Structures are given as C-alpha cells and as structure tokens.
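Remember, it's a predicted structure, so these values are computed and weren't measured experimentally.
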Amino acid sequence: MEFSIKSGHPPKASCDCIVVGVFDSRQLSAPAQELDKAAGRRLDGILRRGDMEGKSGSTLLVHGTPGIAAERVLLVGLGKEAEFGEKAYRDALAAAVRALKDTGSKNSIITLSELPVARRNAAWRVRQGALVAHDVLYRSDQLKSKKDNASPSLSAIAFSVAGKDAKSASAALMQGIAIAQGMNLTRELGNLPANICTPTYLAQQAQKLAKAFKLKCEVLDRARMEKLGMGSLLAVGRGSHQPPRFIVLQYQGGKARAKPVVLVGKGITFDTGGISLKPGAEMDEMKYDMSGAASVLGAFHAMATMKLPLNVIGLIPAVENMPGGAATRPGDVVTSLSGQTVEILNTDAEGRLILCDALTYAERFEPDCVVDVATLTGACVIALGAVASGLMANDDSLAAELLEAGQTSGDRAWQLPLWDEYQEMLKSNFADIPNISGSRAAGTITGACFL
Ligand code: MN
Ligand code: ZN
C-alpha cells in the first residue's frame, strides 16, 4: 500500500474514492459539506432519504456524484459529534479502510484526517491513520500456501490535511508507517508457532535486523551464559531440547557518550509451565510468551527506520520452558547472575527467572533507564483484560512518560503499586528469595517485586 498526504479542495480531487465523515443524526462533517455543496446537496439528499444515520462504524458507498471529481464517495459514520474523540476517530478510520478494500477503488483519499480530535494535532491524526490502516490490512497468512489478498484493488491511500499542516503531516506519516512496520514484525513473530520460532530463530531474526540496519548484535549461547553465571535463566531452559539464547542488540543513533535506554523483552518461545504444567486448554496460545521479545525487535525496526537520535540496547533472553528429565523441579534453588539464590517454587513463574538475569546484565551498560516488556502473569489479564498493559515502576517520572506514550499511541497501560507490603510477600525458607509468593494475591505485583 502506498500512503501519501494531500491538501486541497475535496470536490476537485480526482481519485477512485473519497472518504468523508458523517456525524450521528445525518450531520455532514466539514469536508463532506464541501463535497455536498459541489454536488448540489446530493449527499444531504441521500441522508434525508434515510440511507444512513451516521452511527459510528457504519458506511455507505455512493457512485457517480455530479460535481465531484472522485468516482465514488464513501460516507463513514462518526457517531455523536459531541462524543467524537480518539477512539471514535480510530473506529471511523478502521471502518473506512475496511470498506475501501472491498471496493474496486485503486487510489483513495481519506478526509477523516481533517476532523478535529481534542488535544491532538494533524500529525497525530495522520500517524494514527497509517497505524489503523496497517492494522486493518494485516493478514496472518505467512504459513498458508494460499495468500489471502487483504485488498485486491486498493493500492494507494492519501490522508488529506489543511495546507498549513502538510509538512508536519508528511513527517508524521513516515513515522506512522515505520511504527506500523515494526508492529507487523512483532505480530509475525508472535503468530509463528514454537516449532518454527525457537530461541535460535529469534536470534537469527535479531541478526537479520542488525544486518539490514547496521546494528550491533551479539548472541550468547549456553556456554557463555554458564560462564557469566546466569543460573536463573539457564534453569528455565533445562527441560527443552532447544538451546537457550541471550540476544544483545545495540542501536547507536545518539551521541557516543549518551547513556542508553535498555529494552528487555521476555522471549519464552513456548511456555508449557514446565514441571508445574499448565492446564491443556488454550495452551497453543503459549507460543505468544515471546511477545515481549518480539516487541523489542519491532521497536528496533521502527526506531532504526526513523533514525531516532537515541542510544538503545535490546536484551532478549530466549528460552523454551518444557517439562523433561532434566527440567527444573519445584523447590530447586539456583543462583542468579546477581549472586542471589532463588527458590523456584513454581516452574511456571519462569518469565521472571530469565528476566532477572537480563536486568542484572543491563547494569553493565549504565543505562539511563530500563523498560522491561513481558507477558509476565495471567493475573494481569484477569485485572485489566486485553484493554491495557499493567505498568509497574520504581521511577515515577519514567512511569508517567510511559503512561502518556500509551495514551498517545492508543496502546494504553495502567499503573499498579509496588509498595513495601507487597515486597514482604516474597519470603523463602531456603533461599534469598522465592520466585512466587505463598498466595495468589497480587500475583502481577509480586512478579514485579521479584524483578
Ligand atoms: Mn509461565
Ligand atoms: Zn511465561
């Protein structure tokens, strides 16, 4: 798909389809009014006849409107004007792209990007446009022999903005595409099954990325990790025939002496739970337990494409958690890279066991900050569902920045506390710390307390 920015008068814009918004109770948005005027109130007439209300997500395709250069006009419902905000804007974009791809149009102009959204500028609206379009057009068909063409005809989308916004919108469009491509890499890796996406495969993908963008990449194997003393990480992979990998990626976009941001991503390529075996239902979804790792790789793809002026280190412990004769048992005590002993009371709380060694490894880079991304606890999904990620931090200003970034991108997080009372729930009779607390209470928070 080709994306571009367009400014100018909608009635004169020649394309296969122009997309305009309609608010609830048949209220034409400003770009729609401009078209309607040129078309001798034809659009208004269609609405009056009751063909469309303007409900959020609804669409109506109109052909051959006189006075309008575009062959088709796609009317998209925006919901109530007073309630039109970030979510309604994204929903309208998604409805527009979904409808567009099923028409015979090749090139299209979306004027929704001209609609005001509270607290957001044209750059934000265009960036969201690129993200939502990629989202709607994404197909998980990498392993299907017959590819499903997401949009047989549609090959170009232009977002219209006012002339004064054209420059900032062009830059924002490039960012939106770069971020969307990074997200698609994350999705592709997440969707791959564990027989293909192994720790070795993740390391190969990191090396591929490093080659494409001239990044530094180092992959530590089991022998190197043993020598370093990553006893906690290595305990997790013991039951698997897949050798563990520890991936270190470096992006140097900032000043040579600038302290790096470290991104750590959980890379459990399959989580059976180990000897503390999970129930069978929906266990196939445990291939996604490397989504933190995939997110870090996607973030590197995006920031290298955007050439961000930052120094960033990515750390990915990649391990498969399986039961087996050599697997770690509940009650085993191991020594982590930090030198602390850990009593592994439950082998299904394995994410923290690989991440703690990665966090200790991060110290050698003297980072400005560390952000750890992980599918860490089922308890987090119980608390927040699929709507938001749980955020726990020992630095309030960093937490505030991440919450704000989540709000801006539409990928929201919600902060949970890390009070001392929770820390006290982690007590072991035989080692410095257990990998789980004695109760299920506050399972998400005690996971973070461990880290
Ligand atoms: Mn687990
Ligand atoms: Zn896990």
Side-chain angles (χ1 to χ4, degrees), residues 142-143 185-210 217-249 264-280 282-298 300 314-330 332 334 336-337 342 344 346-359 361 372-376 435:
Q142 50 184 331
L143 299 179
L185 171 66
T186 299
R187 279 188 230 223
E188 294 283 82
L189 290 172
N191 285 332
L192 279 177
N195 65 320
I196 295 173
C197 188
T198 60
T200 307
Y201 183 89
L202 277 180
Q204 286 164 347
Q205 294 309 303
Q207 279 158 334
K208 214 170 115 184
L209 200 63
C217 180
E218 198 184 359
V219 177
L220 313 188
D221 62 8
R222 188 186 318 232
R224 289 277 303 279
M225 288 186 263
E226 265 165 9
K227 225 171 146 195
L228 281 167
M230 292 181 161
S232 181
L233 187 158
L234 290 169
V236 176
R238 223 159 260 154
S240 172
H241 291 290
Q242 293 296 336
R245 292 287 182 262
F246 189 82
I247 304 162
V248 185
L249 258 180
V264 180
K266 174 180 172 183
I268 294 289
T269 57
F270 197 81
D271 184 12
T272 61
I275 298 297
S276 311
L277 194 64
K278 287 179 183 294
E282 291 158 14
M283 207 203 265
D284 58 298
E285 292 178 9
M286 288 304 129
K287 70 177 182 178
Y288 291 112
D289 214 15
M290 38 54 73
S291 297
S295 299
V296 170
L297 293 175
F300 269 80
L315 300 179
I316 297 173
V319 184
E320 187 178 51
N321 186 22
M322 297 284 274
T328 292
R329 294 148 289 244
D332 283 4
V334 297
S336 75
L337 182 58
V342 182
I344 302 176
N346 188 317
T347 63
D348 195 12
E350 84 299 337
R352 61 200 71 177
L353 294 172
I354 65 169
L355 292 167
C356 69
D357 279 352
L359 291 179
Y361 193 85
D372 177 333
V373 197
T375 46
L376 201 66
N435 74 328

*For Leu228 and Asp357, run side chain to side chain contact (heavy atoms under 4.5 Å, CB included): C-alpha distance rounded to whole Å, both residues' side-chain angles, the deciding distance at 0.1 Å, then the answer.*
CA-CA 10 Å; Leu228 281 167; Asp357 279 352; over 6 Å; no
State whether the side chain of [X] and the backbone N or O of [Y] hold a donor-acceptor pair below 3.5 Å, judged by distance alone.
{"X": "Thr347", "Y": "Arg329", "result": "no"}
{"X": "Thr269", "Y": "Ala194", "result": "no"}
{"X": "Thr328", "Y": "Ala235", "result": "yes"}
{"X": "Gln142", "Y": "Glu188", "result": "yes"}
{"X": "Arg222", "Y": "Leu234", "result": "no"}
{"X": "Asp289", "Y": "Phe270", "result": "no"}

Mind listing the closest non-hydrogen atom pair of [X] and [Y] along with its distance?
{"X": "Cys197", "Y": "Leu192", "result": "CB-CB, 3.8 Å"}
{"X": "Ile344", "Y": "Val334", "result": "CD1-CG2, 3.9 Å"}
{"X": "Met322", "Y": "Ser240", "result": "CG-CB, 3.9 Å"}
{"X": "Asn321", "Y": "Gly273", "result": "ND2-C, 3.4 Å"}
{"X": "Arg238", "Y": "Gly231", "result": "NH2-O, 4.5 Å"}
{"X": "Arg245", "Y": "Ala203", "result": "CG-CB, 4.2 Å"}

Checklist line | Verdict with reasoning, Phe300 to Leu185, per side chain to side chain contact (heavy atoms under 4.5 Å, CB included) | finding: CA-CA 10 Å; Phe300 269 80; Leu185 171 66; over 6 Å; no
query: With distance as the sole criterion, is a donor-acceptor pair present between the side chains of Asn191 and Tyr288 under 3.5 Å?
result: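 A pair is found: one side chain offers a donor N or O, the other an acceptor, under 3.5 Å apart.
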**Report entry** Ser232-Ser336 side chain donor-acceptor pair, cut-off 3.5 Å
**Finding:**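 No, no side-chain donor-acceptor pair sits under 3.5 Å.
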Within a strict 4.5 Å, meaning less than it, do heavy atoms of the [X] and [Y] side chains meet?
{"X": "Glu320", "Y": "Ile268", "result": "no"}
{"X": "Leu315", "Y": "Phe246", "result": "yes"}
{"X": "Val219", "Y": "Thr200", "result": "no"}
{"X": "Leu355", "Y": "Val264", "result": "yes"}
{"X": "Leu209", "Y": "Leu297", "result": "yes"}
{"X": "Leu277", "Y": "Pro323", "result": "yes"}
{"X": "Thr198", "Y": "Leu202", "result": "no"}

Working to the nearest 0.5 angstrom, can you tell me the gap between [X] [atom1] and [Y] [atom2]?
{"X": "Ile354", "Y": "Ile316", "atom1": "CD1", "atom2": "CD1", "result": "10.0 Å"}
{"X": "Ser291", "Y": "Arg187", "atom1": "OG", "atom2": "CZ", "result": "11.5 Å"}
{"X": "Arg352", "Y": "Asp372", "atom1": "CZ", "atom2": "CG", "result": "11.5 Å"}
{"X": "Tyr361", "Y": "Leu337", "atom1": "OH", "atom2": "CG", "result": "9.0 Å"}
{"X": "Ser276", "Y": "Asn435", "atom1": "OG", "atom2": "CG", "result": "8.5 Å"}
{"X": "Leu220", "Y": "Lys227", "atom1": "CG", "atom2": "NZ", "result": "12.0 Å"}

Stepwise, does the salt bridge (charged side-chain N to carboxylate O under 4.0 Å, His left out) test hold for Asp221 with Arg224?
CA-CA 5 Å; Asp221 62 8; Arg224 289 277 303 279; 5.9 Å; no
Glu350/Lys266 salt bridge by N-O under 4.0 Å criterion: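 Salt bridge: yes.
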